[in-house]
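What follows is one structure encoded as structure tokens, with my remarks underneath.
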Amino acid sequence: MDYISIADAMKQGKGIVALRGWCYRERKSAARAFVVVRDDTNIIQCVIEKASADPETWVAAEKICIESSLTVQGEIVPDARAPTGFELRVRRLEIIHLAERFPITKDQSTEFLLDVRHLWIRSRELTAVWKVKSQVLAAARDFFSQKKYYEVTPPIITGSSCEGGSTLFSIKYFEEKAFLSQSAQLYLEAMIYSLKRVYALTPSFRAEPSKTNRHLTEYWHLEGEEAFMNFEQLLQLEQELVSHICQWVATHCAQELKVLGRNPEELKKITLPFPCITYTEAIELLHKDGIEIPWGKDLRTIEEEALMKHYDKPLLVTRYPKEIKAFYMKDDPSDSRVVLCCDMLAPEGYGEIIGSSERETDVNILINKLKCQGEKIEHYQWYLDLRRYGSVQHSGFGLGIERVVRWICKLESIRDAIPFPRTIKRMTP
Ligand code: 4AD
Ligand code: MG
């Protein structure tokens with residue numbers, strides 16, 4: 001008999017089916033055993049009656065323990081009392097591998113669960129997160145393909161910093177020092193001269209010294225860059241991308257969102273236009289709320305959270321003071337104190353999900369800005385060449401995949417948005 005998935009068996013709803021998977025829960029009495037089986041699609045309650053089961057099946061049912069792998073065959077019937085609305089009346093159960101005593105039980109500490117992360121990633125909640133994340137990536141690729149962007153493959157080992165030295169990881173590169181990429185942006189900027197519209201999905205690395213719920217040292221970064229794109233078009237594009245991801249996940253992940261406690265209707269409401277304010281307006285709004293923050297200071301988590309109390313959609317905050325932003329951002333022609341940049345903040349206090357800007361196109365302004373930030377010009381000669389040979393207006397953005405997944409899945413910590421999180425204190429398993 002061919003094996004089918006639990007989801008397909010439930011769709012079929014009747015008749016004899018064969019399934020394979022793992023023992024999720026088990027409960028036994030003298031007369032019958034209940035084994036909840038899980039596979040990648042769902043869980044289903046299986047019942048084995050001692051009186052009617054063949055002897056080997058009953059022996060297997062008595063022996064089986066959590067996370068053992070198994071096959072079952074039997075009749076599937078609707079049953080309102082069963083956890084997912086169906087029950088399998090088992091005719092035959094075979095153990096593929098009898099598991100050792102599974103180390104994960106109820107109420108274990110976060111640290112222990114991170115130690116056994118390679119086993120904990122099988123949990124129902126985390127499985128739902130991986131599925132949502134896969135659909136977030138599918139949605140993003142679908143979006144960029146509709147917009148006629150090329151996916152490109154920038155390097156991870158680099159000799160120049162994109163986002164400033166304080167969060168750079170350095171590595172020994174033969175006799176030299178190299179860095180792990182913080183952002184593909186500088187390379188994407190180079191590639192727009194051949195492909196006009198490009199995007200990349202890469203790991204980015206940040207030596208973040210703080211332990212927070214929104215920082216990883218290795219995360220997945222989705223970045224886009226487009227030639228001839230102005231600031232207004234950039235803002236439009238990033239709103240469309242985030243809305244597309246939310247609509248897509250709401251339609252493709254109803255079952256997973258339910259497991260995670262996120263109502264799909266909330267995601268469906270993420271439509272254009274998103275609210276948009278300047279940094280200066282954000283500071284004024286914070287002052288009205290009685291929060292003291294001088295103009296010129298970067299927004300911290302507490303200020304972002306206070307701001308987001310006013311909004312239920314992602315918020316665009318534009319035109320930050322240039323001193324607190326990266327060297328490549330273009331000065332605002334109408335106010336030279338600020339740059340043409342935009343951070344997108346997620347609702348419900350999940351924080352910044354996108355960093356973006358129009359890029360400076362003038363080679364001398366760039367050289368000056370690099371010098372002011374204490375960077376060595378020789379490391380950037382190749383990048384400066386991009387402004388020497390056919391420089392054009394262009395803009396781009398970077399979206400943190402795990403930040404978006406954390407928000408969509410309502411996760412307490414960003415660690416649960418990635419299977420094997422790397423943080424200040426952890427690089428195993
Ligand atoms: O705001 P950031 O630093 O911007 C850049 O790297 C630009 N070069 C992107 C570009 O324009 N191409 O990072 C972009 C996004 C942030 O908004 C956040 O979502 C995510 O990357 N991010 C992190 N995610 C997880 N852990 C960290 N330590 C992160 N740092 C940034
Ligand atoms: Mg940022």
Side-chain angles (χ1 to χ4, degrees), residues 133 136 140 144 149 152 154 156 158 160-169 179-192 197-226 229 231 234-235 237-238 241-242 245 279 298-301 303-304 314-318 320-321 324-330 339-346 350-360 383 394-408 411 413-418 421-424 426:
K133 190 174 192 177
V136 166
F144 279 122
Y149 272 62
V152 297
I156 298 298
T158 76
S160 37
S161 144
C162 183
E163 296 300 318
S166 68
T167 61
L168 265 184
F169 275 113
F179 307 106
L180 295 178
S181 172
Q182 296 168 307
S183 161
Q185 180 192 321
L186 306 188
Y187 296 98
L188 296 187
E189 285 187 67
M191 292 208 70
I192 58 168
R197 299 180 205 87
V198 295
Y199 79 98
L201 174 67
T202 61
S204 274
F205 300 86
R206 305 282 170 108
E208 301 279 358
S210 47
K211 192 169 176 240
T212 73
N213 279 339
R214 55 164 85 171
H215 291 98
L216 295 163
T217 55
E218 176 182 318
Y219 70 97
W220 286 85
H221 204 171
L222 180 73
E223 294 176 276
E225 196 75 28
E226 180 169 340
M229 183 160 72
F231 189 54
L234 169 71
L235 301 188
L237 186 76
E238 55 193 68
L241 169 63
V242 170
I245 291 173
Y279 165 87
D298 206 356
L299 304 178
R300 295 169 305 170
T301 305
E303 282 102 23
E304 286 181 357
L315 171 69
L316 308 180
V317 183
T318 63
Y320 282 65
I324 55 172
K325 287 293 182 187
F327 73 93
Y328 50 72
M329 295 182 176
K330 188 178 172 64
V339 283
L340 293 179
C341 70
C342 172
D343 279 4
M344 188 187 291
L345 310 183
Y350 288 102
E352 180 194 328
I353 51 175
I354 287 183
S356 63
S357 75
E358 186 172 327
R359 318 304 192 190
E360 180 53 62
Y383 180 71
H394 64 287
S395 305
F397 66 89
L399 173 149
I401 294 290
E402 288 78 14
R403 295 269 179 103
V404 169
V405 169
R406 179 183 170 222
W407 159 46
I408 288 180
L411 303 175
S413 166
I414 194 168
R415 283 188 310 248
D416 283 340
I418 191 161
R422 268 77 182 101
T423 58
I424 182 168
R426 187 174 286 278

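Below, all heavy atoms of this structure are taken into account, side chains as well, without hydrogens, waters or symmetry copies. Keep in mind it's a predicted model, so treat the numbers as computed, not measured. First listed ligand is number 1; within each ligand, the first listed atom is number 1.
Backbone and side-chain nitrogen or oxygen atoms of S357 are examined, and none is located within less than 3.5 angstrom of a nitrogen or oxygen of ligand 1. Ligand 1 has a nitrogen or oxygen under 3.5 angstrom from a nitrogen or oxygen of E163. Looking at ligand 1, you won't find any N or O of H215 less than 3.5 Å from one of its N or O atoms. Inclusion of L399 in the set of residues having an N or O under 3.5 Å from an N or O of ligand 1 is not warranted.
Within the listing of ligand 1, atoms 17 (O) sit less than 4.0 angstrom from a heavy atom of I354. Close contacts of ligand 1 with R214, meaning ligand atoms under 4.0 Å from a residue heavy atom, involve 25 (C), 26 (N). Listed by atom number, the atoms of ligand 1 under 4.0 Å from I353 heavy atoms are 17 (O), 19 (O). Applying the 4.0 Å criterion to heavy atoms of F397 picks out, from ligand 1, the atoms 10 (C), 11 (O), 12 (N). Numbered from 1 in the order shown, with element, the atoms of ligand 1 that lie under 4.0 Å from a heavy atom of G400 read 15 (C), 19 (O), 20 (C), 21 (O). Near R359, the atoms of ligand 1 lying under 4.0 angstrom from a non-hydrogen atom of the residue are 10 (C), 11 (O), 12 (N). Near E208, meaning under 4.0 Å from one of its heavy atoms, ligand 1 places the atoms 28 (N).
Summary of contacts: the protein heavy atom closest to atom 1 (O) of ligand 1 is E352 OE2, 3.0 Å. Taking atom 12 (N) of ligand 1 as the reference point, the nearest protein heavy-atom neighbour is E223 OE2, 2.8 Å. Summary of contacts: the protein heavy atom closest to atom 15 (C) of ligand 1 is G398 O, 3.6 Å. Looking at atom 14 (C) of ligand 1, its nearest protein heavy atom turns out to be H221 NE2, 3.4 Å.
In terms of heavy atoms, D298 sits closest to I324 at CA-CD1, 3.6 Å. Looking at every heavy atom in both residues, L168 comes nearest to L180 through CD2-O, 4.1 Å. In terms of heavy-atom proximity, L237 sits nearest to Y149 at CD2-OH, 3.2 Å. Taking both residues in full, the closest heavy atoms of S161 and Q182 are given as OG-OE1, 3.5 Å, listed atom of the first, atom of the second, then distance. Shown here for K133 and A417, the closest heavy-atom pair between the two residues is NZ-O, 2.8 Å.
M344 pairs in a side chain to side chain contact (heavy atoms under 4.5 Å, CB included) with only one of the listed residues (V242, L315, V404), which is V242.
Taking the six-membered ring where tryptophan is involved, the planes of Y279 and Y320 are tilted, since the angle between them lies from 30° to 60°.
A side-chain N or O of E163 and one of Y328 form a donor-acceptor pair less than 3.5 Å apart.
With a heavy-atom cut-off of 4.0 Å, R403 touches ligand 1 through its side chain alone.
Metal site remark for the Mg ion (ligand 2): E352 contributes an N, O or S atom at a distance under 2.8 Å.
One distance of note links CG of L222 with CD1 of I401; it measures 4.5 Å at 0.5 Å rounding. In this structure, the separation between OG1 on T167 and CZ on F205 is 12.5 Å, given to the nearest 0.5 Å.
Residues K330 and R359 are not in side-chain contact: their nearest non-hydrogen atoms beyond the backbone lie 4.5 Å or more apart. The closest side-chain heavy-atom distance from R426 to R415 is not below 4.5 Å. With a 4.5 Å cut-off on side-chain heavy atoms, Y219 and I414 do not count as touching.
Ligand 1 lies out of reach of T217, whose nearest heavy atom is not under 4.0 Å from it.
Taking each of L216, I414, L188 in turn, the one with a heavy atom nearest to atom 27 (C) of ligand 1 proves to be L216. In this structure, of R206, E189, Q182, the residue bringing a heavy atom nearest to atom 6 (O) of ligand 1 is R206. With distances taken over non-hydrogen atoms, the option nearest atom 23 (C) of ligand 1 out of Y328, F205, Y219 is Y219.
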